[in-house]
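These numbers were taken from a predicted model, which means no experiment stands behind them. Lettering of chains follows the sequences in order, A, B, ..., and the numbering in each one begins at 1.
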Amino acid sequence: MSYVAVKGGAKAIANSEALLQAQRRGEQTVPELSLEQIKQQMALAVDRVISEGSLYDRDLAALAIKQSWGDLVEAAFLLRAYRTTLPRFYYSQPVDTGQMQLQRRISSIFKDLPGGQQLGASFDYIHRLLDFKLAAEDNQFPAPESETDNQPVPRVVDVLGKEGLIQAENPIQQPNNGATQSEENVFDLTRQPQQLPAGRDARLQNLARADEGFLLSLAYSSQRGYGNSHPFAGEIRVGQVEVVICPEELGFEVAIASITLTEVQMVNQFKGSSAIPPQFTRGYGLTFGYNERKAMAMALVDRCLRAEEFGETVQGPAQDEEFVLSHSDNVAAQGFVQHLKLPHYIDFQAELNLVRKLRQEYQQSNQATQSTEVEIKQAENFDSANIENNSVPTPISPPLDHPTTPHHSPTP
Amino acid sequence: MVDLTARPVWMATLAQAEPTELAEHLATLGELPDHTFLRSPEMGLTMVRGRAGGTGQVFNLGEMTLTRCVVQIEAGAEKIAGFGYVAGRDRVHATQAALCDALMQHPAWYETVQNTVIQPLQASAEQQQTQQQRQTAATQVNFFTMQRGE
């Protein structure tokens with residue numbers, strides 16, 4: 001049943017907004033949050049909002065967080081709404097994560113790697129104990145530094161790739177002329193409706209903007225057995241990559257920014273098939289900002305969604321493309337769930353009338369069959385008295401043809 | 001005539017500069033040639049793309065904001081167009097990047113702008129990058145695998 005619009009309520013709505021603004025500001029004696037404070041001291045919240053809002057603009061994300069009173073899904077919604085007001089100028093060249101300026105790089109599959117492993121800033125090996133020193137202000141935390149040899153840091157999976165032990169990731173070739181995938185052919189969720197079955201490009205774009213909580217739970221479900229997942233974190237890297245565009249009016253490529261990305265390469269087992277020898281396969285996660293939990297979950301779900309490609313049986317929700325891709329977007333999901341708050345008076349009135357009518361019919365048909373029902377009820381009582389030997393009242397006229405009591409002779 | 005092979009480099013430097021820093025360096029140049037807009041600063045989006053697995057199929061990762069602008073200055077009888085493409089929504093930054101790009105193509109200005117704007121910006125970016133590398137290097141980790149059954 002569709003939603004019927006309502007009118008009125010303008011004053012209450014205006015006051016509700018004013019109240020929100022006042023409560024959001026809080027006590028006047030407490031200094032107001034600046035966008036720079038949010039950007040720097042709530043950096044991971046900003047990163048989540050640019051990732052799920054699918055718009056890399058940390059200033060706007062900080063503003064959205066302030067405006068949404070700290071509600072990050074609402075903030076992502078604000079970014080999505082804002083982006084629709086801007087024209088699309090360019091598509092970037094695919095970012096080269098192999099050239100990333102690393103802030104963090106770890107692998108759970110090799111101890112010694114070219115380029116080494118750097119924990120960067122991470123919660124991983126820190127006790128989850130509340131630090132009461134932080135409750136006080138004016139803390140100083142100097143960052144440790146040490147000498148750097150600045151050697152190149154190849155991707156870990158490329159090391160496996162050299163031996164052919166892992167499924168290769170190559171650019172798509174055009175079937176007719178062998179040219180690489182043309183720009184127009186890349187699926188764009190902001191311009192095209194989601195289609196099923198979806199290509200990997202559509203899936204990865206969908207997952208990159210998906211809700212972190214949804215991806216996390218799906219990834220977890222696949223590890224617990226709802227899907228075939230035996231992953232290793234091949235490599236996790238966080239750092240800056242250059243965004244390069246090639247404006248037609250300029251005629252050459254130019255870098256417009258360095259943006260922070262998190263990249264995760266999951267390595268999964270694969271038994272092989274008649275066509276492919278046993279090898280590792282992979283799942284890929286790439287997000288805006290420092291979003292490690294999400295990027296890992298994305299990589300697990302990406303691999304799960306490749307079940308068909310590798311001839312695996314689809315057993316769990318995480319492998320079900322339609323289920324995952326249709327429910328991953330939190331802007332869509334919160335909209336549909338929360339629209340239930342809006343007045344549905346007309347819809348409900350219709351349902352109410354229907355239920356009343358059904359009840360009336362029910363009662364009428366009940367009255368009509370009442371005498372028959374009395375007989376059945378008596379028969380049931382009679383049965384239980386016989387089977388369990390309870391002292392229930394003896395039926396007046398036991399039916400002779402009761403279907404469930406063929407072996408019992410009626411007691412007088 | 002100015003050698004334009006380095007143009008992508010200085011344009012990238014201007015785009016990635018802190019807007020306040022760029023403005024400060026530009027202010028030290030004194031009076032600049034008048035410029036007109038061939039394209040007024042305008043905000044828009046760039047769709048950032050990635051590759052599956054880092055090397056495979058291209059996909060759309062998400063958008064970023066971008067401001068672009070084209071200015072024109074006069075160099076004698078010639079006219080020079082300068083282009084500015086900067087991430088974010090800062091019209092002043094885009095205009096100043098475009099103006100510097102134009103000045104860098106101007107034979108009389110090239111050296112001054114290179115020395116007073118581009119090089120300091122590059123040095124500052126390099127310093128920041130080195131600091132980040134040193135901080136990351138301090139977290140270099142070597143895990144040992146315990147031998148079992150002993």
Kindly check if the number of other-residue, nucleotide or ligand heavy atoms within 6.0 Å of [atom1] ([X]) is above 12?
X: B:Gln129; atom1: CD; answer: yes
X: A:Glu309; atom1: CD; answer: yes
X: A:Phe252; atom1: CZ; answer: yes

Tell me, for [X] versus chain B, whether the close heavy atoms (under 4.5 Å) come from the side chain, the backbone, both or neither.
X: A:Arg104; result: backbone
X: A:Gln101; result: both
X: A:Tyr90; result: both
X: A:Phe89; result: both
X: A:Leu189; result: neither
X: A:Glu242; result: side chain
X: A:Arg155; result: side chain
X: A:Thr190; result: side chain
X: A:Val243; result: side chain
X: A:Gln117; result: both
X: A:Ile245; result: side chain
X: A:Thr97; result: side chain
X: A:Leu261; result: side chain

| message | Quick test of your reading of the model: are A:Asp211 and A:Lys294 salt-bridged, counting only N-O distances below 4.0 Å? | response | no
Is B:Arg68 salt-bridged to B:Glu42, going by a charged N under 4.0 Å from an acidic O? yes
May I ask you to name which of [options] has the most heavy-atom pairs under 4.5 Å with chain B?
options: A:Arg200, A:Gln167, A:Arg105; value: A:Arg200
options: A:Pro144, A:Pro94, A:Gly283; value: A:Pro94
options: A:Leu102, A:Thr85, A:Thr287; value: A:Leu102
options: A:Ala168, A:Gly199, A:Pro87; value: A:Pro87
options: A:Val244, A:Leu119, A:Thr148, A:Val241; value: A:Leu119
options: A:Gly120, A:Ala208, A:Ser51; value: A:Gly120

Measure the shortest side-chain to side-chain distance between [X] and [Y] over non-hydrogen atoms and say whether it is less than 4.5 angstrom.
X: A:Arg282; Y: A:Ile166; result: yes
X: A:Met298; Y: A:Val264; result: no
X: A:Gln103; Y: A:Tyr290; result: no
X: A:Gln205; Y: A:Asp188; result: yes
X: B:Val117; Y: B:Leu29; result: yes
X: A:Leu79; Y: A:Leu60; result: yes
X: B:Leu14; Y: B:Ile118; result: yes
X: A:Gln93; Y: A:Cys246; result: yes

So which of [options] has the biggest tally of heavy-atom pairs under 4.5 Å with chain A?
options: B:Arg89, B:Arg7, B:Met43; result: B:Arg89
options: B:Ala81, B:Gly50, B:Gly88; result: B:Gly50
options: B:Leu61, B:Thr55, B:Leu66, B:Thr139; result: B:Thr139
options: B:Gly84, B:Ala87, B:Gly44, B:Ala97; result: B:Gly44
options: B:Arg39, B:Gln131, B:Met11, B:Gln16; result: B:Gln16

B:Phe37 and B:His35 aromatic ring geometry - parallel, tilted or perpendicular at 30°/60° bounds:
perpendicular
Turns out that what part of B:Tyr85 lies under 4.5 Å from chain A's heavy atoms comes down to both
Stepwise side chain to side chain contact (heavy atoms under 4.5 Å, CB included) check, A:Tyr56 with B:Glu63
CA-CA 6 Å; A:Tyr56 197 103; B:Glu63 290 163 311; over 6 Å; no
